[in-house]
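Throughout, protein chains are lettered first and strands after them, A, B, ... in sequence-line order, and every chain is numbered starting at 1. For the numbers below, each heavy atom of this structure counts, side chains included, while hydrogens, waters and symmetry mates do not.
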2 protein chains.
Amino acid sequence: MVVDQVPRELSDDEIDRIFGALADATRRDILRQSLLREQSVSELGRNYAMSFAAVQKHVAVLERALLVTKERRGREQIVHSNPAAIRRAARLLDAYEELWRDRIARIGDILSEATHPGNDQKDTAP
Amino acid sequence: MVVDQVPRELSDDEIDRIFGALADATRRDILRQSLLREQSVSELGRNYAMSFAAVQKHVAVLERALLVTKERRGREQIVHSNPAAIRRAARLLDAYEELWRDRIARIGDILSEATHPGNDQKDTAP
DNA sequence: CTAACATACAACCAAATGGTTGTAGATCAG
DNA sequence: CTGATCTACAACCATTTGGTTGTATGTTAG
């Protein structure tokens, strides 16, 4: 299998590129379009009120973030979406939430200790 | 209850701000720090090799994205994280994955129709 | 072969970004 | 009160970003 050339750890720069790429409505729409159906760059471009070169640049930004790849087919360049990268970004945000939940749990522990000054081990009473 | 002034729909601009805010390692770290523990701006600033004003700006970017809020406490400004906003961003990415899954399902349907030419209902080609 | 099409890429521009320094107003400690 | 601390904000600068136009090159249709 030639599968799974997926980086397990993302560098700061890679994360910068991912979120940077997602921080533009046109690019999010291009990503959305190519998730729905793989299309050539010019085909994608017809949806937007801007020059073809501008669309090319947007696709390049998505590509640098590894959110899409391009594959040459004859004279056109087909844009493939990369759902794995999108999933990775979502999981990244989940990790932040995780921190929050840990903190809440910690606070909970402290409170339950504080309100039971003379208890044994864990024994969190109702 | 004064709770739930949470916008149900996010505008393009709001999403721009959220992902834009996340597209910088320093800001991600500030967010992370304030998820772990609520701290004043200057306290947060001591972690980074840049001026206090720069840190102030980063916090302002996170604030415009609604990822954090500030609360005045005496002479200092305490940075609170907003886990709900982070969750919303994660769900936003989930929605893209959803599109992908729908597409795969559609392709699956087409294939299963194609490979069962003599099924019930529409009873296509012999 | 020729014309139309899809792309690549360079040069340019305005605006946004990420940083700096400097100044000034509140607030707290002693 | 005085001085140290925390914050706000303006002005400035270099770089990046998002867009343009223009030119060149490869590819397909007729």
A/Arg91 atom CZ: more than 12 heavy-atom contacts under 6.0 Å | yes
Sole candidate of A/Glu43, A/Gln39, A/Glu38, A/Arg72 that passes side-chain contact (heavy atoms from CB on, under 4.5 Å) when paired with A/Ile78 | A/Glu38
The reported gap from OG in B/Ser40 to NZ in B/Lys70 (rounded to nearest 0.5 angstrom) is 11.5 Å
To the nearest Å, give me how far apart CG (B/Leu22) and P (C/dT17) are.
-> 14 Å
Short N-O contact, A/Asp16 and B/Arg28, less than 4.0 angstrom = yes
Nearest-nucleotide comparison on DNA chain D, the residue closer to the 5′ end among A/Arg73 and A/Ala54 | A/Ala54
Enumerate the residues from residues 24-31 of chain B whose closest heavy atom to DNA chain D is under 4.0 Å, giving them by residue number; use none for an empty result.
-> none
If you round to the nearest 0.5 Å, how far is CD of B/Gln77 from CD of B/Gln56?
-> 9.0 Å
Contact span of DNA chain D against chain A, any nucleotide atom under 4.0 Å from a heavy atom, 5' to 3', runs D/dG18 to D/dT28
Nearest-nucleotide 5' precedence on DNA chain D, B/Ala53 against A/Gly74 | B/Ala53
Under the side-chain contact (heavy atoms from CB on, under 4.5 Å) rule, what do A/Asp24 and B/Phe19 come out as? Steps first, then yes or no, please.
-> CA-CA 8 Å; A/Asp24 179 283; B/Phe19 286 127; over 6 Å; no
Carboxylate-amine/guanidinium contact B/Glu76 B/Arg73, below 4.0 Å | no
Which atom pair, heavy atoms only, marks the closest approach of B/Ala65 to B/Ala21?
-> CB-CB, 3.8 Å
How does protein reach along nucleotides 2-8 of chain C, written 5' to 3' as B (base within reach of a heavy atom under 4.0 Å), S (only sugar-phosphate), or - (no contact)?
-> ---BSBB
Find the distance between CG (B/Asp29) and CG (B/Leu35) and round it off to the nearest 0.5 Å.
-> 11.0 Å
Given side chains that start at C-beta, do those of A/Arg103 and B/Leu36 come closer than 4.5 Å, heavy atoms only?
-> no
